[in-house]
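Each remark here refers to the structure printed beneath this line.
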Protein chains: 2
Amino acid sequence: MNDIAVAAGVAQSTVSRVLNDAPLTIPVAPETRARVLETARRFGYRPNPLARALRGARTMLLGAVVRDITDPFFAVAIEALAGEARARRYNVVLGHAHGQADEAIELTHVLEAGHCDAIVLVGDMTDQPRLIKDLQSSRVPVVALWQGSRVRGIPAVNVDNRCGVRLALDHLTTLGHRRIAFVGGRPLGDIEERRAAFVEYLADAGMDLPDEYVQHTVNTPAGGSMSLRSLRDLPAPPTAVVAATDVLAVGVLNAAFQTGVRVPDDLSVTGFDDIPFAAYTVPPLTTLRMPITDMIAEAVRLAIEEDGTPAGERGRLVRVLAPTLVERDSTARPRDVPT
Amino acid sequence: MNDIAVAAGVAQSTVSRVLNDAPLTIPVAPETRARVLETARRFGYRPNPLARALRGARTMLLGAVVRDITDPFFAVAIEALAGEARARRYNVVLGHAHGQADEAIELTHVLEAGHCDAIVLVGDMTDQPRLIKDLQSSRVPVVALWQGSRVRGIPAVNVDNRCGVRLALDHLTTLGHRRIAFVGGRPLGDIEERRAAFVEYLADAGMDLPDEYVQHTVNTPAGGSMSLRSLRDLPAPPTAVVAATDVLAVGVLNAAFQTGVRVPDDLSVTGFDDIPFAAYTVPPLTTLRMPITDMIAEAVRLAIEEDGTPAGERGRLVRVLAPTLVERDSTARPRDVPT
DNA sequence: CTGAAAGCGCTAACAC
DNA sequence: GTGTTAGCGCTTTCAG
């Protein structure tokens with residue numbers, strides 16, 4: 001910047017003013033402005049964001065700590081996040097918390113220490129209490145997404161898990177199912193809420209719920225596959241399975257196929273998330289569409305926009321958006337209930 | 001840092017030395033060192049990476065420009081990248097090039113302008129020539145991954161597409177298939193190499209290849225699905241389909257199911273990438289396993305490790321790793337060829 | 001309207 | 001061994 005100041009025959013501060021479209025209160029002569037702009041262009045000038053940030057300006061970097069990018073659902077979320085950030089001329093710094101808590105902690109240190117203007121937590125991080133605790137005392141705004149049960153002190157944007165599960169169960173019971181099982185990942189955050197809503201619904205409906213009908217496994221197709229096998233080995237296997245995520249549902253579908261169980265004739269399956277693949281499973285999956293775009297937009301707004309909310313109050317900001325049921329071909333009337 | 005210097009009763013430079021484990025050539029009195037460390041801890045000191053970077057040190061940030069995070073294959077790659085980066089105490093700054101070329105270009109400006117120590121391109125970016133051109137004159141090291149045909153001036157780590165396609169076709173022809181079609185995304189980079197290898201193989205083998213047997217579509221399940229429908233409408237539909245990616249293969253499998261074509265009885269399908277879902281499709285997909293971990297490790301090494309290669313020579317660094325065939329249940333002997 | 005100058009937090013000579 | 005000092009590239013008063 002100094003070079004270009006010299007070349008244009010003006011002071012370096014003037015260059016700064018021109019290049020930053022300085023406040024109209026301190027105008028620059030159009031002629032000077034043009035000359036500076038021209039010289040800057042010739043020099044191929046690029047502002048150094050580091051120096052800028054050091055001086056107190058924003059880094060235009062949004063930190064994202066994501067539980068597991070490998071999960072297509074989160075991948076889509078990250079894409080939406082990148083898009084939303086980009087629209088606000090932000091870039092996304094990525095960190096994944098997969099693995100040891102220590103890693104995630106170290107990560108947030110980096111993110112927080114002035115590099116990012118805000119941090120968004122993508123996915124349940126409740127099994128990493130130290131991370132959460134660390135973030136609560138963060139100087140930069142932190143927003144949590146899909147954190148399930150609200151994390152104290154951190155504003156959050158969540159999906160209405162209870163509503164989603166009810167949608168799925170209404171659908172299934174209306175079809176005539178009475179023996180319905182639940183397959184979920186580790187009972188954290190969202191998953192735990194979905195499990196609780198499931199149990200509550202069945203209790204309210206006065207339906208039987210053997211302990212074995214609630215399966216907990218890892219949130220991968222492999223986990224879903226294993227769970228269905230366990231379920232089928234029961235004396236009275238369920239006629240429908242509510243999977244806590246589409247990723248699990250994919251495993252359930254696969255295990256059904258492998259063991260000769262026809263979906264939806266012998267077994268109905270519902271997912272949760274509506275990942276891109278959900279429409280292309282065999283058969284296409286009935287699932288709950290997550291309002292990802294809206295959730296991300298809201299989260300970014302909370303993270304970046306300086307509203308007047310005092311820091312102490314921010315933690316109370318919680319938005320809950322509702323999912324919608326997408327009926328595809330993995331659910332049908334059970335065999336014993338004729339039309 | 002100044003505060004802590006005052007509090008500990010030493011010079012700020014001493015604090016810097018202690019906190020950075022300064023070179024042994026300028027030792028610090030153990031007692032002073034201890035006092036500084038203690039004070040720093042009390043103050044909850046966190047180094048400001050911005051200032052550090054401004055001073056010329058590295059940012060410990062690795063820029064990743066990824067074609068489409070939504071693609072599970074790239075998601076896995078990013079996860080591997082994050083892991084490898086983390087192992088070297090780096091963080092990953094993410095940018096996705098999905099969409100307009102302008103976006104990606106703007107993106108690299110940000111990444112390049114001193115924010116990142118190196119940039120890695122994940123996926124074919126050959127349709128964004130300006131981006132590539134921009135990057136070639138980059139001051140920070142750039143490494144390309146899955147760039148397909150080599151990009152001039154940028155070191156690259158690629159998969160051996162020719163080898164992969166041959167593996168798939170050897171497998172299929174050995175089973176007895178003679179009418180084999182190819183379904184690929186836009187003919188760029190890797191995809192184009194795969195298509196070329198496919199055409200070449202069939203020509204060498206003296207097998208028929210109607211023009212319609214080479215389908216180009218979008219790299220999504222929807223694209224794969226549409227392509228298979230077109231293929232089935234042909235007077236002589238293929239008995240096997242080589243999909244250029246697993247994502248396409250998922251669509252092919254779905255379309256087969258929807259149109260009553262049984263896989264592998266009526267149709268064999270192979271994929272490419274071995275994404276996590278590949279083992280859980282219906283039926284499980286025969287595909288080519290990508291040596292992701294090795295490729296990522298190599299790319300990170302090229303990007304971060306300052307070897308002695310002169311800048312002008314770096315572009316000639318190209319590594320090509322071979323995929324391996326994973327036989328699952330989506331391929332079998334065609335109906336008209338009895339055992 | 002424009003220039004001079006003071007730092008932002010840190011590192012790296014260069015003294016003492 | 002430790003303190004002093006000069007910037008890194010930029011924004012931002014404060015004077016002209």
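- Taking side-chain N and O atoms only, B/Asn20 has a distance below 4.0 Å to OP1 or OP2 of C/dT11.
- Residues B/Val92 and B/Ala85 share a closest heavy-atom pair of CG2-CB, 3.8 Å.
- The CE atom of A/Met295 sits 12.0 Å away from the CG atom of A/Leu81 when rounded to the nearest 0.5 Å.
- Rounded to whole Å, the distance from CD on A/Gln12 to P on C/dA6 is 14 Å.
- Note that the first and last nucleotides of DNA chain D, 5' to 3', having any atom under 4.0 angstrom from a heavy atom of chain A are D/dG9 to D/dT13.
- When distances run from any side-chain atom of B/Arg55 to the nucleotides C/dC10, C/dT2, C/dC8, the shortest one goes to C/dC10.
- A close approach under 4.0 Å does occur between a side-chain nitrogen or oxygen of B/Arg52 and OP1 or OP2 of C/dT11.
- Within the model, atoms OG1 of B/Thr39 and CZ of B/Arg35 stand 7.0 Å from one another, a figure rounded to the nearest 0.5 Å.
- Using a 4.0 Å cut-off, some side-chain N or O of A/Thr32 falls inside it from OP1 or OP2 of C/dT2.
- Of the residues near DNA chain D, B/Pro30 and A/Asn2, the one whose nearest nucleotide (by heavy atom distance) lies more toward the 5' end is B/Pro30.
- With rounding to the nearest 0.5 Å, the separation of CG in A/Leu145 from CG in A/Leu121 is 8.5 Å.
- Note on A/Thr14: a side-chain N or O is less than 4.0 Å away from OP1 or OP2 of C/dG3.
- Listed in residue order, the members of residues 3-10 of chain B having a heavy atom less than 4.0 Å from DNA chain D are B/Gly9, B/Val10.
- For B/Met60 and C/dT11, the CE to P distance is 13 Å, given to the nearest whole Å.
- A salt bridge between A/Glu192 and A/Arg186 is absent, with no side-chain N of the basic residue lying under 4.0 Å from a carboxylate O of the acidic one.
- Pairing each heavy atom of B/Asp117 with each of B/Met60, the nearest pair is OD2-N, 2.8 Å.
- The shortest heavy-atom contact between B/Ile292 and B/Trp146 is CG1-CZ2, 4.3 Å.
- Here the straight-line distance linking atom CG of A/Asp190 with atom CG of A/Asp124 works out to 5.0 Å at 0.5 Å rounding.
- Rounded to the nearest 0.5 angstrom, A/Ile4 CD1 and A/Arg42 CZ are separated by 9.0 Å.
- Overall bending of the helix from C/dC1-D/dG16 to C/dC16-D/dG1, expressed as the angle between end axes built from five pairs apiece, is 50° (10° steps).
- For the residue pair A/Arg52 and A/Asn20, a side-chain donor N or O sits within less than 3.5 Å of a side-chain acceptor on the partner.
- Judged by closest nucleotide on DNA chain D, B/Glu31 is the one of B/Glu31 and A/Arg17 placed further toward the 5' end.
- Rounded to the nearest 0.5 angstrom, B/Asp3 CG and B/Gln12 CD are separated by 10.5 Å.
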